[in-house]
Amino acid sequence: MHDRYEPNEFEQKWRDRWREADLFRTREDAARPKFYALDFFPYPSGAGLSVGHCRNYIPTDVLCRMRYMQGFNVLHPMGFDAFGLPAENEAIKKQRHPSTMVHEYGATYRRQMELIGNGYDWSRSFYSSDPSYYKWTQWIFKQLFNKGLAYRSNAAVNWCPKDKTALANEEVVGGLCERCGTAVEKRFIPQWFFKITEYAQRLLDDLDDLDWPEGIKNQQRNWIGRSEGVEFEMSVADQTSVPAGYDLDDDSGQKHEALRFRVFTTRIDTIFGMTFCVLAPEYPLVKTLSERASPEKRTEIEAYVQAAKSIGDTTRQATDREKSGVHTGCFAVNPATGKPVPIFIADYVLMGYGTGAIMAVPGHDERDFEFATKYEVPILPVIAPAVEALDQVIASHQAGHAFESKDGVLVNSGEYTGMPVAEAQLNLGVWMESLGIGERKVNYKLRDWLISRQRYWGCPIPILHDADGNVEAVSDECLPVQLPDVERYEPGDDGASPLAAITEFVNATASDGTMAWRETDTMGGFACSSWYFLRFCDPHNFEEAWSLEKVKYWMPVDCYVGGAEHAVMHLLYARFWTKVLFDLGLVPTKEPFARLQNQGQVLAMTPYRLPRPDETLEVGEDAILIGFDEAETMAADQLTWKWARMSKSKGNVVTPEEAVGLYGADALRVYELFVAPFEADVQWSNEGMQGAVRFLSRIFKIAAELQPIYNPGWRRSLGETNGLAKDIRRWTHQTISKVSEDIERFAFNTAVSTLMIYVNNLNDALRKLDAQDASQASAISEALETLILLVSPIAPHSADEIWSSLGHEGFVYLQEWPVANPELAVADEVTIAVQVNGKLRDTITVPASASNEEIETLAMGSDKVVFHLDGKTIRKVIVVPGKLVSFVAN
RNA sequence: GCCGGGGUGGCGGAAUGGUAGACGCGGCGGUCUCAAACACCGUUGAGCUCAAACUCAUGAGGGUUCGAGUCCCUCCCCCGGCACCA
């Protein structure tokens with residue numbers, strides 16, 4: 001037996017044995033409970049894994065290993081998110097075919113995952129680019145299509161000029177392509193969408209029951225962006241009702257037919273304060289109003305609309321931009337007051353939200369206030385803290401700000417004056433409905449999910465177009481629509497997929513035998529990852545996407561682990577697909593992931609230097625990234641070292657091979673688990689792993705020392721224990737319960753620290769141990785076994801090595817997880833804090849069975865307590881059993 | 001601006017309203033060694049000290065409580081997300 005941790009001597013041996021024994025093959029034993037744990041579907045990048053990725057995979061593996069030992073059927077699969085932009089872009093750069101490249105990278109990932117000792121059931125693995133997988137991605141597309149949830153539309157879409165494809169809203173971050181950081185442009189191309197908006201309310205409501213981090217749920221709530229309000233109709237006023245002081249530019253002198261438009265507001269209570277209204281420049285009515293206007297006015301309007309079109313969305317939506325707009329020369333009637341208000345066109349109103357038109361209440365909305373000030377529109381206070389507190393509102397206006405108030409009462413609001421805001425919102429909504437010009441309505445920021453990509457490397461959309469422009473789904477027998485194997489697949493700039501140039505692919509026959517052509521867009525990668533967790537339940541099914549029975553058994557995923565960056569992308573899409581499939585009766589759960597955990601990132605020291613005078617910095621950077629080689633050549637005062645996320649581009653990656661080579665796989669596992677809470681970021685240092693090595697070495701040392709007295713039959717020879725033997729058993733059973741709980745709640749750092757305390761205690765006990773004492777020998781044998789079992793999910797190679805050195809056959813993984821006996825975990829004596837007037841003055845040791853009165857008496861006997869109580873009268877005594885005694889005296 | 005999550009020794013971090021700083025890293029002292037490394041043993045919040053005792057201390061300030069890192073209020077700072085969404 002090794003007496004210290006020497007990973008090179010045994011770790012590889014155990015990994016080989018696990019593979020030979022097919023140890024991690026999924027068990028589907030009907031008598032056992034199931035546990036489904038899953039890591040986010042990784043895209044296999046050419047950079048391979050870093051120790052940062054391991055921080056995701058190791059903890060899931062620890063939990064799975066414990067669950068298996070606890071008697072669960074564990075499903076712990078791994079596969080690869082192979083389709084999509086990142087793979088294709090890398091393949092283009094390397095002049096390779098994405099298919100061969102991705103498989104090669106996937107093999108590297110697998111090798112690295114095995115190197116760190118992770119136990120996946122590789123027999124269930126697949127690539128999302130396998131035809132046997134994407135056949136079913138297409139089949140699910142069809143389910144959506146048949147249900148009316150997939151549609152083609154010629155809308156303005158986000159186009160990434162670098163990746164040469166359209167993107168979903170979720171993939172545009174701050175106006176930039178989420179992948180490559182290029183500014184997106186607007187394009188009008190016919191695109192396929194999924195109607196995720198139809199599920200907005202359910203996606204919002206069902207968040208409440210999920211055991212997910214609050215931050216992720218919050219992000220989804222914001223993204224869905226529900227708001228309640230009233231949508232109502234405004235009529236354009238006839239020129240005869242134009243108020244004095246407004247010069248109407250209508251040169252026709254004619255009466256026009258009644259024009260109307262609808263506005264949405266969340267603050268119907270402020271309607272009496274509407275002194276103008278605003279249409280988005282893209283609003284359809286703008287054209288009509290412009291045609292009515294004088295030639296000069298028309299020129300002005302058209303110029304403004306043109307200008308709004310030409311500036312990008314990002315610029316347009318910058319909050320610090322000065323408001324701009326143009327008066328149409330027309331007026332609309334405020335339905336509450338009956339008075340005409342001017343209609344403006346302004347680009348601060350967006351066509352994409354609500355109706356694209358608003359009622360403007362400058363008195364109580366900062367944006368409207370800014371606009372009204374610039375264009376000299378009246379500002380009217382209609383909400384105040386109280387009817388008699390109008391001066392506060394006026395003061396705010398004079399100071400240059402709208403008075404924004406969610407409570408308070410209405411003023412200057414006719415019969416509603418004096419009514420509290422909440423009540424007025426309800427009453428005015430009802431009033432609108434009774435009048436028949438509006439209704440209470442819920443709006444969402446969520447937009448439909450744009451799924452088309454004008455790229456080669458994705459799942460083909462299984463749709464045929466006929467000569468008349470009709471679309472039909474490819475019949476089930478003809479699935480999968482195979483992605484043609486071609487040499488050249490670079491995207492074009494014309495908004496067409498490269499597949500459009502492949503006539504053999506495009507030409508097809510419709511179901512009625514007429515000529516048709518295939519849809520040439522492919523699906524974005526998020527389609528593939530929206531159901532892979534279902535396929536893992538039944539990965540070799542060639543008849544159907546999955547059998548309902550299998551999915552009923554395994555779903556939902558009990559523990560889903562990955563980074564927080566997918567909050568509104570993958571995690572939202574996968575929820576949506578699951579709900580659709582649920583409605584179709586194809587899956588038994590409304591939600592795919594019962595519990596979600598986000599791991600922290602691993603940061604590495606990365607060299608930066610100060611910019612030279614002629615250099616400009618990247619957004620968010622205050623220095624310029626340099627390579628480690630360059631850093632070596634520079635003087636220390638020229639450099640700044642910063643903690644940055646490990647990435648190939650920063651050159652700061654530590655690979656699992658390096659870490660395992662230097663310190664061993666188990667040391668890497670222990671270090672990553674122990675160094676910080678699971679969800680916290682970690683500052684990587686190779687030296688930090690030395691502590692993990694010491695911990696593992698101590699375990700080996702204890703095991704080696706105990707080997708001669710270790711008795712595998714300790715259960716039979718255990719009798720009444722006292723003294724040291726009893727202490728040992730108490731530590732053992734306390735440790736079992738704490739470690740089990742901690743692993744369960746993802747507190748791996750405290751699980752490891754508990755094991756360290758246990759090891760330290762056993763180490764101390766070793767020095768006092770009497771090998772001739774049978775009860776001590778049994779207790780320490782139990783302790784040694786328990787230590788190996790408890791440490792095995794965390795350091796599986798070491799556990800197996802020690803286990804076999806002690807003469808056991810097989811693997812620790814196949815042993816039963818120990819169960820704590822609460823009676824043994826209880827101490828005979830407890831240390832109790834004694835406080836006088838809230839300050840700690842002494843601690844006393846009392847029998848655990850002592851009554852409150854006995855504890856109080858013992859505490860009164862303490863010299864220190866006597867000293868601090870001297871000359872005082874005890875007013876009150878608080879006894880918390882097992883914890884403290886507190887005297888209140890004066 | 002809005003919404004989340006945070007702020008504890010030199011560092012990473014522990015702590016169901018009940019002994020703040022577990023465990024580890026680093027430091028210091030020692031054992032082993034010709035010496036070093038490894039390993040092992042001891043020590044390590046600050047102040048005052050020979051020591052005991054005492055005082056202070058969980059971003060700042062208030063409050064509730066016998067007792068607050070933990071609960072409440074006001075404010076500051078950091079991280080993440082959203083942002084002209086009516």
Side-chain angles (χ1 to χ4, degrees), chain A residues 3-4 173-174 213-223 225-227 229 231 263-267 270 277-278 280 316-321 323 346-350 352-361 364-368 370-371 404 443-446 564-565 567-568 598 670-671 674-677 679-683 685 687-695 697-698 701 747 749-760 763 767 831-844 864 867-868 874-880 882-890:
Chain A
D3 64 352
R4 60 190 174 123
V173 179
E214 210 40 56
I216 300 286
K217 293 208 260 185
N218 189 46
Q219 275 188 59
Q220 292 212 349
R221 290 192 186 105
N222 286 343
W223 190 259
R226 183 184 199 274
S227 58
E231 189 179 302
V263 298
F264 174 74
T265 180
T266 55
R267 292 302 301 268
T270 62
C277 49
V278 184
R316 173 166 163 185
Q317 289 179 33
T319 45
D320 51 0
R321 257 179 87 231
K323 295 282 173 291
D347 65 7
Y348 77 94
V349 172
L350 309 174
Y353 184 78
T355 61
I358 63 158
M359 69 173 217
V361 184
H364 304 281
D365 181 284
E366 198 63 33
R367 298 154 301 184
D368 298 341
E370 205 189 311
F371 190 88
E404 292 186 58
N443 255 318
Y444 301 91
K445 285 196 234 172
L446 185 69
E565 66 275 11
V568 295
N598 296 128
V670 168
Y671 175 65
F674 176 65
V675 68
E679 63 282 3
D681 287 351
V682 167
Q683 299 175 341
S685 76
E687 298 73 43
M689 271 196 290
Q690 194 57 50
V693 170
R694 267 201 281 265
F695 166 64
S697 279
R698 281 190 163 204
K701 194 180 142 219
N749 58 329
T750 52
V752 173
S753 97
T754 302
L755 286 166
M756 286 174 169
I757 294 167
Y758 188 43
V759 165
N760 292 346
N763 199 42
R767 295 194 224 161
T831 306
I832 288 200
V834 185
Q835 296 183 347
V836 178
N837 287 337
K839 283 194 195 291
L840 180 74
R841 294 304 177 185
D842 201 3
T843 56
I844 55 170
K864 291 169 191 169
F867 176 79
H868 287 283
I874 296 173
R875 302 291 173 197
K876 196 176 174 186
V877 182
I878 295 139
V879 181
V880 182
K883 293 280 185 187
L884 64 59
V885 186
S886 182
F887 295 101
V888 186
N890 58 16

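Each chain gets a letter, A, B and so on, in the order its sequence line appears, and its residues count up from 1. These values consider heavy atoms only, across backbone and side chains, with no hydrogens, waters or symmetry-generated copies.
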Once you apply the 3.5 Å cut-off to both distances, tell me the Watson-Crick or G-U wobble partner of B:A15, or none.
none

Once you apply a heavy-atom cut-off of 4.0 Å, does A:Gly691 come out as touching a base, just sugar-phosphate, or nothing?
sugar-phosphate

Rounded to whole Å, please give me the gap between CE in A:Met756 and C1' in B:G12.
12 Å

Given B:C54, B:G13, B:C3, identify the nucleotide with an atom nearest to the side chain of A:Asn749.
B:G13

Residue A:Asp347, side-chain heavy atoms: nucleotide from B:U55, B:C84, B:G24 that is nearest
B:C84

Touch check for A:Asn890, heavy atoms < 4.0 angstrom, all strands: base, sugar-phosphate only, or nothing?
nothing

Any base atoms under 4.0 Å from A:Thr265, or only sugar-phosphate, or nothing? Heavy atoms, all strands.
sugar-phosphate

Just verifying a value: how many Å separate A:Ser685 OG and A:Tyr671 OH, rounded to the nearest 0.5 Å?
4.0 Å

Looking for any heavy atom pair under 4.0 Å, which part of the strands does A:Asp842 touch: base, sugar-phosphate only, or nothing?
nothing

Decide yes or no on salt bridge (Lys or Arg N to Asp or Glu O under 4.0 Å) for A:Arg221 and A:Glu214, but give the supporting numbers first.
CA-CA 10 Å; A:Arg221 290 192 186 105; A:Glu214 210 40 56; 3.4 Å; yes

Rounded to whole Å, the CZ-C1' distance (A:Phe674 to B:G24) equals 4 Å

Within the pair A:Arg694 and B:C38, is there a side-chain N or O less than 4.0 Å away from OP1 or OP2?
no

Any side-chain heavy-atom pair of A:Met359 and A:Thr270 under 4.5 Å:
yes

Watson-Crick or G-U wobble partner for B:C50, using a 3.5 Å limit on both distances?
none

Can B:G80 be described as syn, meaning its chi torsion is within 90° of 0, or is it anti?
anti

Full working for salt bridge (Lys or Arg N to Asp or Glu O under 4.0 Å) between A:Asp365 and A:Arg267
CA-CA 10 Å; A:Asp365 181 284; A:Arg267 292 302 301 268; over 6 Å; no

Which part of the nucleic acid does A:Asn218 contact within heavy-atom distance under 4.0 Å: base, sugar-phosphate only, or nothing?
base

Taking any heavy-atom pair under 4.0 Å as a contact, classify A:Gln835: base, sugar-phosphate, or nothing.
base

Of the nucleotides B:G18, B:G24, B:A39, which one has an atom closest to the side chain of A:Val880?
B:G18

By the 4.0 Å heavy-atom rule, please label A:Lys217 as base, sugar-phosphate, or nothing.
nothing

Both distances under 3.5 Å, Watson-Crick or G-U wobble: report the partner of B:C71, or none.
B:G63

Could you state the OH-P distance from A:Tyr758 to B:G24, rounded to the nearest angstrom?
16 Å

As a test of reading the structure: which of B:U19, B:C40, B:A22 is closest to the side chain of A:Thr831, going by heavy atoms?
B:U19

Span that lies between the C1' atom of B:G27 and that of B:C11, in whole angstrom:
11 Å

If you look at every strand shown and take non-hydrogen atoms under 4.0 Å, does A:Arg321 touch a base, only sugar-phosphate, or nothing?
base

Could you identify the nucleotide paired to B:C56, looking across every strand shown and requiring Watson-Crick or G-U wobble geometry with both distances under 3.5 Å?
B:G45

Rounding to a whole Å, what distance do you find between A:Asn837:CG and B:A68:P?
12 Å

Distance check, P atoms only: B:U74 and B:G81, in whole angstrom units.
27 Å

What integer number of Å spans the P atoms of B:G13 and B:C2?
29 Å

In whole Å, what separates the C1' atom of B:G61 from that of B:C48?
28 Å

With sugar-phosphate meaning primed atoms plus P, OP1 and OP2, does A:Leu840 contact a base, only sugar-phosphate, or nothing at under 4.0 Å between heavy atoms?
sugar-phosphate

Counting only side-chain heavy atoms from C-beta out, which of B:A15, B:C82, B:A20 sits nearest to A:Thr750?
B:A15

Which part of the nucleic acid, if any, lies within reach of A:Gly225 when heavy atoms closer than 4.0 Å are counted: base, sugar-phosphate only, or nothing?
nothing

Check this one for me: any side-chain N or O of A:Arg767 less than 4.0 Å away from OP1 or OP2 of B:C40?
no

Nearest-angstrom distance from the residue atom NZ of A:Lys445 to P of B:C82:
10 Å

How would you label the contact of A:Pro677 with the nucleic acid (heavy atoms, under 4.0 Å): base, sugar-phosphate, or nothing?
sugar-phosphate

If you look at every heavy atom in A:Gly838 and A:Ser886, which pair is closest and at what distance?
N-OG, 4.5 Å

Between CE of A:Met689 and P of B:C11 the distance, given in whole Å, is 23 Å

Once you apply a heavy-atom cut-off of 4.0 Å, does A:Ile757 come out as touching a base, just sugar-phosphate, or nothing?
sugar-phosphate

Check the phosphate of B:C25 against A:Ser685, side-chain N and O only, distance under 4.0 Å to OP1 or OP2. Yes or no?
no

When every non-hydrogen atom of A:Thr843 is compared with those of A:Ala833, the smallest separation belongs to CG2-CA, 4.3 Å

Among the nucleotides B:C54, B:G12, B:G4, whichever has the atom closest to the side chain of A:His868 is B:C54

Starting at atom CD of A:Glu679, determine the distance to atom C1' of B:G13, rounded to an integer number of angstrom.
12 Å

Answer with base, sugar-phosphate or nothing: what part of the nucleic acid does A:Val349 contact at a heavy-atom distance below 4.0 Å?
base

Are the side chains of A:Asn837 and A:Val888 in contact, using a 4.5 Å heavy-atom criterion?
yes

Can you find a side chain N or O atom of A:Arg841 that sits less than 4.0 Å from OP1 or OP2 on B:C54?
yes

Given B:U55, B:G4, B:A86, the nucleotide with the shortest approach to the side chain of A:Lys839
B:U55

Do A:Lys323's NZ or CZ and the ring of A:Phe371 fall within the cation-pi criteria of under 6.0 Å and 45°?
no

Distance between the C1' atoms of B:G30 and B:G7, in whole angstroms?
38 Å

P atom, B:C56 versus B:G67: distance in rounded Å?
15 Å

Let's see if you can work this out: which of B:G13, B:C23, B:U16 has an atom nearest to the side-chain heavy atoms of A:Asn760?
B:C23

Taking the P atom of each, how far is B:C72 from B:A22, in whole Å?
27 Å

Does some side-chain heavy atom of A:Lys701 sit less than 4.5 Å from a side-chain heavy atom of A:Asn763?
yes

Between B:G4, B:G12, B:U19, which nucleotide has the shortest distance from any of its atoms to the side chain of A:Glu214?
B:G4

Scanning all shown strands, the Watson-Crick or wobble mate of B:U31 with both distances under 3.5 Å is B:A39

A:Phe695 CZ to B:A39 C1', in whole Å, measures 17 Å

Would you say A:Asp368 and A:Tyr348 make side-chain contact, with heavy atoms under 4.5 Å?
yes

The side chain of A:Ala676 is closest to which nucleotide in this list: B:G13, B:C54, B:A86?
B:G13

Pairwise P distance for B:U49 and B:C66, with rounding to whole Å
37 Å

Scan A:Arg226 against the nucleic acid and name what it touches under 4.0 Å (heavy atoms): base, sugar-phosphate only, or nothing.
nothing

